**Student:** 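Take this structure, written in structure tokens, and hold onto it; I'll ask about it next.
Starting from 1, each residue takes its place in the sequence as its number. On a predicted model such as this, the values are computed, not experimentally measured, just so you know.
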Amino acid sequence: MFPWLDGYLAGWRIYLATAIVLTLLIYPVSAQTTSTGVKSADKFIATNLNGITVTATRTSRKTNEIPESVSVVDIEQIRARQAADIGDVLRYLPNVELGGGPRNLGMRPAIRGMDDDRILFLLDGARQDFNRGHNARIFTDPSLLKRVDVMRGPASAVWGSGALGGVVSFTTLDATDLLRSGESSGIKTRGGFQSMNEQYIPGISAYGLLGEQVDYLLDFSYRNAADDIRLGDGSKLRNSSFESYASLVKLNWTPGDHHFTFSTQTFDQAGKVPSNPQIASTDDTLLDRDTEQRNYMLRYRYMNADNTWLNPEMMVYHNTTYSLEKRLFDQRRDETSFSTTGINARNSSRLDLNHFVTQFITYGVDYFHNESEGKRNGTTRSEFPRGSADVAGVFLQDEITLWERLSLIPGVRWDYFHSQADDITIRSNKNNRVNIKIGGLFKVTEWLSITGGYSEAFRAPTLSELFTTGTHFTCGPGCANLFTPNPNLKPETAFNKEIGARIEKTGLLLENDQLTMRGTYFHNKVKGFVDLMVDFVFHPVPGNPGRGGTTSRGNVNDALLEGFEIEANYAAKYGYTGFSYAQTRGHNRTDGGVLSNVQPDKWIVLAGLNWPTYNLSLGWRSSIVSAQNRIPAKGTPTPGHTLHDLTLTWLPQGGTFKGIRLDFGIDNLTDKDYRRHLSVLKDPGRNYKFAVSYQF
């Protein structure tokens, strides 16, 4: 994809490997170790239940102090897992499943039975609205991330259109995440290898301070999957190798109480894949595909602890996704471009009414503009028409605390959206929606809390859902199924109720140990599902004068999604253990039966040991996934499976090896042959992973 980089990268990889090996061989092992030892390679309790999040309320809150169901995956977990894609980041969270198969270009997560068309993705707070057929929605390298927040359940009262199933928020690194105490600058080199596709993963970061007000981070990451993915049955997934490049430039400027952040991110991936990356490749569907994504963001914050009325934040962002596909057997050239430009502004005011009532009021406005365009051999492509959408919203939220035991968080939001295509024969689509939420948390005791809430969400129809025309699939000579547009689609709406309980107890068995437990039941009623309806016939019908019928979208489904999540975890100085269980049931209340996109029941069981004296941490996880037989009449059931994964981290805290980090892992330890329910492709077999980094 970038020929001029090939020689440079090859030489740089050799240099990195040589430098690390020489470092390990030349310097003897030091007997000096610190009493603090290694950080837990998987701080499950601290991150998932007690971490800080802004996803649920758009204000900084501890996850155990909000009624919403939020999980946080932090930088230690991402590093210990050696995450290769977003699937590795999300795979252990309750009621979160990955569909689309193992190719990262086709990977699509689902939350509580809602596929990723109904999930809002944020990257450093900026919406990622790219949506095209069987392709992934967001592209980023996990090495750039310091945390991922996952909110389960509707969230439009806070975030607007798209958040029916939940919100997945990615936050990238800052220089301060890498700088050690007393440092003003540094360089971090890293390298890794994964056996499932012979993937080589070098990278480098440069970061530091410029005076007392500015910090900077420059990061470059490269991945070369030199072979196709090896599956659990010993075969290989044809055309799954790739080459990718990712970079991040981030500057923070803090003059006094003011804080400015500018960042730019790039992601480029090239490889041969089928036109639908979620299925097996054939000679007539094989493409040479280049994917490029660019993200630009400028944020301003004012932070003054003495000013309780003024705490504003404003962000402007622009992101683009572009793909070029050259079909190999006939050289057909398809181009797809999508962009989002947005601005949001909010302010928070704290009101201390008296000694037992506190209010934290947040209010603001959001606006974003989406544009899409598709071309085939230089001319307009009807399957991805040129169109645009504008969405504007106003929101108000009040975080009320009474007697330091009862927290109430009501909120309301109004959104207006307008979509249109360039084709003058197609009408535009416009609508508006008011969404409300109310959540509550009551501390029965210092260690027991009860939560509950009601929230609404909506999703405006996408440009492709509204205006797509052209061929859906062919069925022989003179036979083709055609898309028919439906510019009158209504927004999907969700009405969710939740109730839960949480336990948090320290000093239970040992000094400074911690037990946390959480259980949540949800009941999510969804109206106006935008469903894909295929009418395959061999005679003329309205919209197709030939044979093959039509494919259209309509608001037809009245659905109910209900279920629960249970998590229990215990951590002490020398180890941790825990489990989670998640269950979702989907009911089609229009036609009867069940919904097709609901993940099976899943257990996660985990345990780990820490050896502070030797700076070692060992982790083990088992994923126990039930068979999914609750499917529509013509659906395909999926057998259950059990996977075991191991991680080992060595992170010296002092002595000669300070600055080095080694991670070793094995995914799918037993080489299980399996397929996820939301995929038609099998998943990878045993995968040995190794990563090493050195911080200068």
Side-chain angles (χ1 to χ4, degrees), residues 29-52 62-64 71-83 88 91-94 146-147 177 180-181 446-447 502-518 566-581 603-624 643-667 669 688-693 695:
V29 177
S30 172
Q32 299 176 2
T33 56
T34 65
S35 60
T36 57
V38 67
K39 294 181 180 179
S40 170
D42 201 340
K43 301 177 296 180
F44 189 87
I45 295 175
T47 54
N48 279 305
L49 300 183
N50 297 336
I52 303 296
K62 290 183 178 180
T63 56
N64 63 348
S71 295
V72 179
V73 183
D74 77 353
I75 188 171
E76 277 297 317
Q77 292 175 302
I78 295 172
R79 288 175 176 173
R81 296 175 192 175
Q82 302 178 58
D88 287 342
R91 62 190 299 179
Y92 298 119
L93 299 181
K146 70 176 175 182
R147 60 182 289 129
D177 299 310
R180 294 172 295 195
S181 178
E446 290 301 315
W447 52 270
R502 298 173 187 172
I503 293 174
E504 180 179 340
K505 186 72 173 175
T506 58
L508 185 67
L509 300 175
L510 301 170
E511 184 181 2
N512 297 323
D513 68 354
Q514 185 178 32
L515 172 69
T516 57
M517 301 179 69
R518 177 171 64 185
I566 299 175
E567 298 176 77
N569 302 278
Y570 173 80
K573 180 178 180 180
Y574 293 103
Y576 58 89
T577 186
F579 77 90
S580 68
Y581 175 72
W603 287 85
I604 299 292
V605 182
L606 60 96
L609 295 173
N610 300 320
W611 291 277
T613 303
Y614 300 103
N615 305 298
L616 289 171
S617 181
L618 173 67
W620 160 76
R621 266 195 175 88
S622 288
S623 305
I624 307 167
L643 303 177
H644 304 285
D645 304 325
L646 295 175
T647 60
L648 177 66
T649 296
W650 181 49
L651 182 58
Q653 301 295 298
T656 303
F657 287 104
K658 182 178 180 180
I660 289 179
R661 177 183 178 125
L662 297 177
D663 288 287
F664 175 75
I666 306 176
D667 289 344
L669 179 66
Y688 296 99
K689 304 189 293 187
F690 176 76
V692 59
S693 64
Q695 196 163 347

**Student:** Partners of Ser622 by side chain to side chain donor-acceptor pair (under 3.5 Å), sequence neighbours excluded?
**Tutor:**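 Ser622 satisfies side chain to side chain donor-acceptor pair (under 3.5 Å) with Trp620, His644 only.
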**Student:** Going by the rule side chain to side chain donor-acceptor pair (under 3.5 Å), which residues pair with Gln695 if we only count those two or more places apart in sequence or in a different chain?
**Tutor:** Tyr207
**Student:** For Tyr92 and Gln77: C-alpha separation, side-chain torsions, deciding distance, then whether side chain to side chain contact (heavy atoms under 4.5 Å, CB included) applies.
**Tutor:** CA-CA 11 Å; Tyr92 298 119; Gln77 292 175 302; over 6 Å; no
**Student:** To the nearest 0.5 Å, what is the distance between CG on Asn569 and CE on Met517?
**Tutor:** 9.5 Å
**Student:** Can you tell me how far CG of Asn64 sits from CD of Glu504, rounded to the nearest 0.5 angstrom?
**Tutor:** 5.0 Å
**Student:** What are the two closest non-hydrogen atoms of Ser71 and Arg518, and how far apart are they?
**Tutor:** OG-NH2, 3.7 Å
**Student:** Side-chain contact, heavy-atom cut-off 4.5 Å: Asn610 with Lys573?
**Tutor:** no
**Student:** Go through the structure and list residues passing side chain to side chain contact (heavy atoms under 4.5 Å, CB included) with Tyr688, not counting sequence neighbours.
**Tutor:**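 Tyr688 satisfies side chain to side chain contact (heavy atoms under 4.5 Å, CB included) with Ser195, Phe664, Ile666, Arg686 once adjacent residues are dropped.
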**Student:** Applying salt bridge (charged side-chain N to carboxylate O under 4.0 Å, His left out), name anything that partners Asp645, two or more places apart in sequence or on another chain.
**Tutor:** Arg91
**Student:** Could you tell me which residues satisfy side chain to side chain contact (heavy atoms under 4.5 Å, CB included) with Ala83, sequence neighbours excluded, listed by chain and number?
**Tutor:**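 Scan of Ala83 (side chain to side chain contact (heavy atoms under 4.5 Å, CB included), adjacent residues dropped) gives Ile78, Asp88, Val89, Pro142.
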**Student:** Is it true that, when you exclude Lys146 itself, more than 12 heavy atoms of the residues, nucleotides or ligands shown sit nearer than 6.0 Å to its NZ?
**Tutor:**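 Above 12, so yes.
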**Student:** Please name the pair of heavy atoms, one in Arg661 and one in Leu651, separated by the smallest distance, quoted to 0.1 Å.
**Tutor:**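 Taking Arg661 first and Leu651 second, the nearest heavy atoms are CB-CD1, 3.8 Å.
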**Student:** How many angstroms lie between CD1 in Ile660 and CG in Leu662, if you round to the nearest 0.5 Å?
**Tutor:** 6.5 Å
**Student:** Can you name the side chain to side chain donor-acceptor pair (under 3.5 Å) partners of Arg147, sequence neighbours left out?
**Tutor:**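 If we apply the side chain to side chain donor-acceptor pair (under 3.5 Å) test to Arg147, skipping adjacent residues, the hits are Asp149.
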**Student:** Could you state the interatomic distance from CD (Gln653) to NZ (Lys658), rounded to the nearest 0.5 Å?
**Tutor:** 8.0 Å
**Student:** Decide yes or no for Leu509 and Leu515: does some side-chain heavy atom of the first lie under 4.5 Å from some side-chain heavy atom of the second?
**Tutor:**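 They are not in contact (no side-chain heavy atoms under 4.5 Å apart), so the answer is no.
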**Student:** Search all heavy atoms of Thr577 against all heavy atoms of Leu606 and return the closest pair with its distance.
**Tutor:** OG1-O, 3.1 Å
**Student:** Do Asp513 and Tyr570 have a side chain donor and acceptor closer than 3.5 Å?
**Tutor:**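 On atom types as modelled, these side chains qualify, holding a pair under 3.5 Å.
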**Student:** What closest approach, in Å, do Ala691 and Gln82 show between heavy atoms, and which atom pair accounts for it?
**Tutor:** N-OE1, 3.3 Å
**Student:** Name all residues meeting the salt bridge (charged side-chain N to carboxylate O under 4.0 Å, His left out) criterion together with Glu446; count only those two or more places apart in sequence or in a different chain, and write none if there are none.
**Tutor:** Arg405
**Student:** Excluding sequence neighbours, so at least two apart, what forms side chain to side chain contact (heavy atoms under 4.5 Å, CB included) with Leu609?
**Tutor:**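 Listed in chain order: Trp611.
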**Student:** Can you see which heavy atom on Gly619 is nearest to which on Tyr576, and at what distance?
**Tutor:** CA-OH, 3.6 Å
**Student:** Go through the steps to decide whether Arg81 and Val73 satisfy the test side chain to side chain contact (heavy atoms under 4.5 Å, CB included), and finish with yes or no.
**Tutor:** CA-CA 11 Å; Arg81 296 175 192 175; Val73 183; 4.0 Å; yes
**Student:** Roughly how far apart are Leu93 CG and Ser580 OG, rounded to 0.5 Å?
**Tutor:** 8.5 Å
**Student:** Working to the nearest 0.5 angstrom, can you tell me the gap between Thr647 OG1 and Lys689 NZ?
**Tutor:** 8.5 Å
**Student:** Name all residues meeting the ring pair (Phe, Tyr, Trp, His ring centres under 6.0 Å) criterion together with Trp603; count only those two or more places apart in sequence or in a different chain, and write none if there are none.
**Tutor:** Phe579, Tyr581
